[in-house]
Amino acid sequence: MTDRNLEELYQAIYKRKSIRKYKEEKLNENELGGITDFLAQTRELYPEIKYEAKIVNSEAVKSLLPIKAPHYLQFFSEAKGDYLLNAGFILQQLDLYLSAENLGSCWFGMAKPKKEIIAESDLEYVITLVFGRPAEASQRDSIEDFDRKPLAEIKQGNQHYDLLEAARLAPSATNGQPWYFITESERIHLYQLEPNFIKKFFYEKMNRIDMGIALAHLWLAAEEHGQNFEFTKLDQSPAPVENYNYLGTVKL
Ligand SMILES: Cc1cc2nc3c(=O)[nH]c(=O)nc-3n(C[C@H](O)[C@H](O)[C@H](O)COP(=O)(O)O)c2cc1C
């Protein structure tokens, strides 16, 4: 990806929002080609994990859905390693790209592909991102328009404000914002909220995708500020955080 592209994605972090109302018309070939080309050059967290993105219309989607969109991107992945984190990381770049192009998108955890589509693929179905031409205001004017936890609630340490602010604004399933950060001079440790017993079934998968989304925002902010970005998992959790589990560490 060029630096210009990365800069545009970074800027989109502060303006994007989920779009749930779309014009019926399909995007043109140029626009769809741009999306496919963009996806082919996204950064992966784990390049060894194979994935596939299918862009389909509503006939390929199971049952009636609360969001009607002209296009549905169904993401499939090899189910190995931290593939959900990888999926969130990759697809969030597309969510930001669509916003930067003045198009609209929304993560759609409730959507499922039809059985035939699932059977066609060797890979596991992960999640859907719907997109199209927005039929509502598609960008936010300012950071105050984001409904998010304040930074003080989701971090310890005083370094890397710009990076954490970008991560704080990330979208998440039911706006759960399951992330927590501990900062050090050259590292950011990431923690994921432990879902309670009742929520576990749905949220375990979604929350891990959410963490991948927040990591994409962290990466773009690190790029913007000329810092390295290497995601690793330390052998031991750096410190316990009540109700959160250690997920990994970004080395800057
Ligand atoms: C993994 C994931 C799954 C989501 N699933 C749905 C969904 O099924 N239906 C829906 O309307 N919104 C869904 N959303 C959108 C969130 O509700 C939305 O991102 C969050 O409320 C924050 O709002 P914003 O994206 O406008 O900033 C999902 C978001 C994520 C990240």
Side-chain angles (χ1 to χ4, degrees), residues 16 18-20 22 26-27 32-99 103-132 170-176 178-179 192-193 195 198-217 231 247-248:
R16 66 154 293 288
S18 293
I19 300 300
R20 296 186 176 84
Y22 293 93
K26 301 255 187 256
L27 301 187
L32 288 172
I35 288 169
T36 318
D37 292 347
F38 176 82
L39 260 178
Q41 39 152 351
T42 48
R43 169 142 169 186
E44 297 154 24
L45 215 45
Y46 301 108
E48 68 278 13
I49 300 180
K50 275 193 231 135
Y51 69 89
E52 188 187 359
K54 293 186 185 174
I55 297 177
V56 299
N57 55 33
S58 59
E59 280 115 64
V61 183
K62 210 168 139 183
S63 76
L64 282 174
L65 292 167
I67 303 180
K68 253 189 96 179
H71 304 284
Y72 298 75
L73 184 151
Q74 297 170 337
F75 193 93
F76 292 77
S77 173
E78 238 180 327
K80 71 174 193 190
D82 218 334
Y83 68 105
L84 298 173
L85 203 64
N86 199 46
F89 190 82
I90 292 168
L91 263 194
Q92 183 56 14
Q93 294 167 57
L94 182 64
D95 175 76
L96 293 168
Y97 169 85
L98 292 165
S99 173
L103 297 170
S105 63
C106 187
W107 286 88
F108 206 172
M110 307 248 292
K112 287 262 153 26
K114 286 208 169 131
K115 263 203 224 123
E116 311 84 83
I117 304 234
I118 292 185
E120 251 168 38
S121 183
D122 298 338
L123 306 174
E124 184 179 298
Y125 166 72
V126 178
I127 189 129
T128 295
L129 191 82
V130 302
F131 64 92
S172 53
T174 58
N175 206 21
W179 37 73
Q192 178 184 331
L193 188 68
I198 300 162
K199 290 183 172 171
K200 218 172 179 129
F201 178 72
F202 179 70
Y203 282 96
E204 206 146 56
K205 180 176 174 191
M206 291 300 142
N207 283 176
R208 191 50 70 94
I209 296 174
D210 295 341
M211 295 304 293
I213 295 174
L215 262 176
H217 283 203
F231 184 66
L247 177 68

Taking all heavy atoms of [X] and all of [Y], pick out the closest pair and write down the distance.
| X | Y | value |
| --- | --- | --- |
| G104 | I19 | CA-CG1, 3.6 Å |
| Y83 | E124 | OH-OE2, 2.7 Å |
| Y203 | A173 | CE2-O, 4.3 Å |
| K26 | P70 | NZ-O, 3.2 Å |
| K68 | Y22 | O-CD1, 3.6 Å |
| N57 | Y72 | C-CD1, 3.9 Å |

query: Does K205 use its side chain to pair, donor to acceptor, with the backbone of V126 at less than 3.5 Å?
result: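 Judged by distance alone, yes, a pair lies under 3.5 Å.
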- prompt: Can any side-chain N or O of Q93 pair as donor or acceptor with the backbone N or O of A216 at less than 3.5 Å?
  reply: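 Absent.
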message: If we count only N and O atoms by modelled type, under 3.5 Å, do the side chains of S105 and Y97 hold a donor and an acceptor together?
response: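 On atom types as modelled, these side chains do not qualify, holding no pair under 3.5 Å.
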Side chains of [X] and [Y] in contact at under 4.5 Å (non-hydrogen atoms):
| X | Y | value |
| --- | --- | --- |
| I35 | L27 | yes |
| L247 | W179 | no |
| I127 | M206 | yes |
| I67 | M110 | no |

query: Does any pair with a residue in residues 71-89 pass salt bridge (charged side-chain N to carboxylate O under 4.0 Å, His left out), and if so which ones, sequence neighbours excluded?
result: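 Only E78-K80, D82-R208 qualify under salt bridge (charged side-chain N to carboxylate O under 4.0 Å, His left out).
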message: Let's go through R16 and Q92 carefully: what are the C-alpha distance in whole Å and the side-chain angles of both, what is the deciding distance for side-chain contact (heavy atoms from CB on, under 4.5 Å) to 0.1 Å, and is it a yes or a no?
response: CA-CA 11 Å; R16 66 154 293 288; Q92 183 56 14; 3.8 Å; yes
Could you tell me the separation between the [atom1] atom of [X] and the [atom2] atom of [Y], rounded to the nearest 0.5 Å?
| X | Y | atom1 | atom2 | answer |
| --- | --- | --- | --- | --- |
| K112 | I118 | NZ | CD1 | 7.5 Å |
| S172 | N207 | OG | CG | 8.0 Å |
| Q74 | F108 | CD | CZ | 11.5 Å |
| K114 | E120 | NZ | CD | 12.5 Å |
| F75 | N86 | CZ | CG | 6.5 Å |
| E44 | I90 | CD | CD1 | 5.0 Å |

- prompt: Stepwise, does the side-chain contact (heavy atoms from CB on, under 4.5 Å) test hold for H71 with L32?
  reply: CA-CA 10 Å; H71 304 284; L32 288 172; 4.0 Å; yes
Ring pair (Phe, Tyr, Trp, His ring centres under 6.0 Å) partners for F231, two or more places apart: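 Residues passing ring pair (Phe, Tyr, Trp, His ring centres under 6.0 Å) with F231: none at all.
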field: Over-ring placement of K54 relative to F76, 6.0 Å and 45° cut-offs
entry: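 Yes, K54 and F76 form such a contact.
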query: So does D37 have more than 12 non-hydrogen atoms from other groups sitting under 6.0 Å from CG?
result: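 Counting other residues, nucleotides and ligands, CG of D37 exceeds 12 neighbours.
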- request: Count the heavy atoms belonging to other residues, nucleotides or ligands that lie under 6.0 Å from NZ of K50, then report whether that count exceeds 12.
  value: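 For K50, atom NZ is not crowded (no more than 12 foreign heavy atoms under 6.0 Å).
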- request: Mind running side-chain contact (heavy atoms from CB on, under 4.5 Å) on M211 and L84 for me, showing each step along the way?
  value: CA-CA 9 Å; M211 295 304 293; L84 298 173; over 6 Å; no
query: Taking it one step at a time, do L215 and L45 satisfy side-chain contact (heavy atoms from CB on, under 4.5 Å)?
result: CA-CA 9 Å; L215 262 176; L45 215 45; 3.8 Å; yes
